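Contents: one structure, followed by commentary.
These figures come from a predicted structure and were not determined experimentally.
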Amino acid sequence: MTGVQELLLSRIRDVADYPEPGVMFKDITPLLADPEAFTALTGALADIAVRSGATKIVGLEARGFILGAPVAVRAGLGFIPVRKAGKLPGATLSQAYDLEYGSAEIEVHAEDLIAGDRVMVIDDVLATGGTAEASLRLIRRAGAEVAGVAVLMELGFLAGRTRLESVLDGAPLESLILV
């Protein structure tokens, strides 16, 4: 484990039985409150984005906004929010996806992604991969290319990586911490 990984992991708090009994929630708010850890996190994610040749960063609602915007600034790239349906004004592209119990929909402004863009998706956690999968489909429908996905933490036991393999189509998936 690298020094950056150790620092990040030391600032993630376990909260037992949240949001329901039996779940061990990984709370990143202590990491965000620590300027050294937050800077290290955004630097590591920005390095991944630059290495991938990304031209834009997509942040997934909501914690992907918190991480993606400073990553974009640090990497010198544009930032595009991918929002829950109904939150963006104007013309949007949307992508529905299935959840464990039900379905959801995400949207992006239609003009924000164009052919020639190489887009890195940034989020805090890769769990089951449903939102990330939908975002990759949305990026491609907009005519842009997927440069990859980068997350702070991957919950390996939920098999999100397996779900994303086919839709990544060879683009990298990088997680700074595997739980």
Side-chain angles (χ1 to χ4, degrees), residues 1-20 22-34 37-54 56-72 74-75 79-82 84 95 97-101 104 106 118-140 146-179:
M1 185 177 289
T2 69
V4 169
Q5 288 171 313
E6 288 176 5
L7 173 62
L8 299 177
L9 199 52
S10 75
R11 301 304 190 276
I12 297 171
R13 180 173 59 128
D14 287 342
V15 180
D17 298 320
Y18 182 81
E20 58 187 53
V23 173
M24 181 62 73
F25 184 78
K26 300 292 188 183
D27 180 14
I28 69 166
T29 58
L31 188 158
L32 299 174
D34 180 320
F38 194 23
T39 299
L41 172 59
T42 56
L45 293 172
D47 288 347
I48 292 168
V50 169
R51 201 170 57 243
S52 75
K56 290 187 179 167
I57 299 292
V58 153
L60 304 181
E61 189 165 347
R63 288 180 299 268
F65 296 173
I66 296 168
L67 302 183
V71 166
R74 184 136 181 196
F79 176 75
I80 312 297
V82 169
K84 294 174 183 168
Q95 181 69 47
Y97 62 102
D98 292 327
L99 300 168
E100 189 174 354
Y101 302 104
I106 56 173
R118 286 187 43 81
V119 182
M120 173 65 63
V121 175
I122 301 286
D123 206 2
D124 65 328
V125 174
L126 175 64
T128 63
T131 308
E133 178 186 20
S135 72
L136 298 178
R137 294 186 189 287
L138 191 58
I139 289 163
R140 288 200 176 101
V146 173
V149 175
V151 296
L152 163 60
M153 189 173 12
E154 179 179 348
L155 306 180
F157 61 93
L158 292 176
R161 181 175 291 269
T162 301
R163 180 176 184 166
L164 292 182
E165 281 176 359
S166 64
V167 74
L168 277 165
D169 195 27
L173 165 56
E174 296 193 45
S175 53
L176 299 178
I177 298 170
L178 178 61
V179 178

Closest non-hydrogen atom pair between Ile57 and Ala49, with its separation: CD1-CB, 3.7 Å
List the residues meeting side-chain hydrogen bond (donor to acceptor under 3.5 Å, both in side chains) with Thr2, not counting sequence neighbours, and say none if there are none. Gln5
Between Glu133 and Arg163, is any pair of side-chain heavy atoms under 4.5 Å apart? yes
Pairwise side-chain contact, Ile177 with Val179, heavy-atom cut-off 4.5 Å (strictly under): yes
Within a 6.0 Å radius of atom CZ on Phe25, are there more than 12 heavy atoms belonging to other residues, nucleotides or ligands? yes
Evaluate the side-chain proximity of Leu41 to Leu31: yes if any heavy-atom separation is below 4.5 Å, no if none is. yes
Quick one: does Leu155's side chain get under 4.5 Å of Val125's, heavy atoms only? yes
Pairwise side-chain contact, Val82 with Glu61, heavy-atom cut-off 4.5 Å (strictly under): no
Can you name the residues that form a side-chain contact (heavy atoms from CB on, under 4.5 Å) with Ala75, not counting sequence neighbours? Ala46, Val50, Leu77
Keeping Arg118 on the side-chain end and Gly53 on the backbone end, is there a donor-acceptor pair under 3.5 Å? yes
Minimal heavy-atom distance between Met120 and Ala54, with the atoms involved, is CB-CB, 3.8 Å
Before giving the answer on salt bridge (charged side-chain N to carboxylate O under 4.0 Å, His left out), spell out for Arg51 and Glu174 the whole-Å C-alpha distance, their side-chain angles and the decisive distance to 0.1 Å. CA-CA 12 Å; Arg51 201 170 57 243; Glu174 296 193 45; 2.8 Å; yes
Side-chain (Arg11) to main-chain (Thr29) donor-acceptor, under 3.5 angstrom: no
Keeping the roles fixed (side chain from Asp17, backbone from Gly22), state whether a donor-acceptor pair exists under 3.5 Å. yes
Between Phe65 and Pro81, which heavy-atom pair has the shortest distance, and what is it? CE2-CB, 3.7 Å
Show me the side-chain donor-acceptor pairs of residues 147-154 shorter than 3.5 Å, one per line, residues at least two apart or across chains.
unit_1, atom_1, unit_2, atom_2, d
Glu154, OE1, Arg161, NE, 3.4
Glu154, OE1, Arg161, NH2, 2.8
Glu154, OE1, Ser175, OG, 2.9
Glu154, OE2, Arg161, NE, 3.0

Determine whether Val167 and Arg140 make a side-chain contact, defined as any pair of heavy atoms from C-beta on separated by less than 4.5 Å. yes
My understanding is that only one of Val58, Leu168, Thr131 makes a side-chain contact (heavy atoms from CB on, under 4.5 Å) with Leu136; could you say which? Leu168
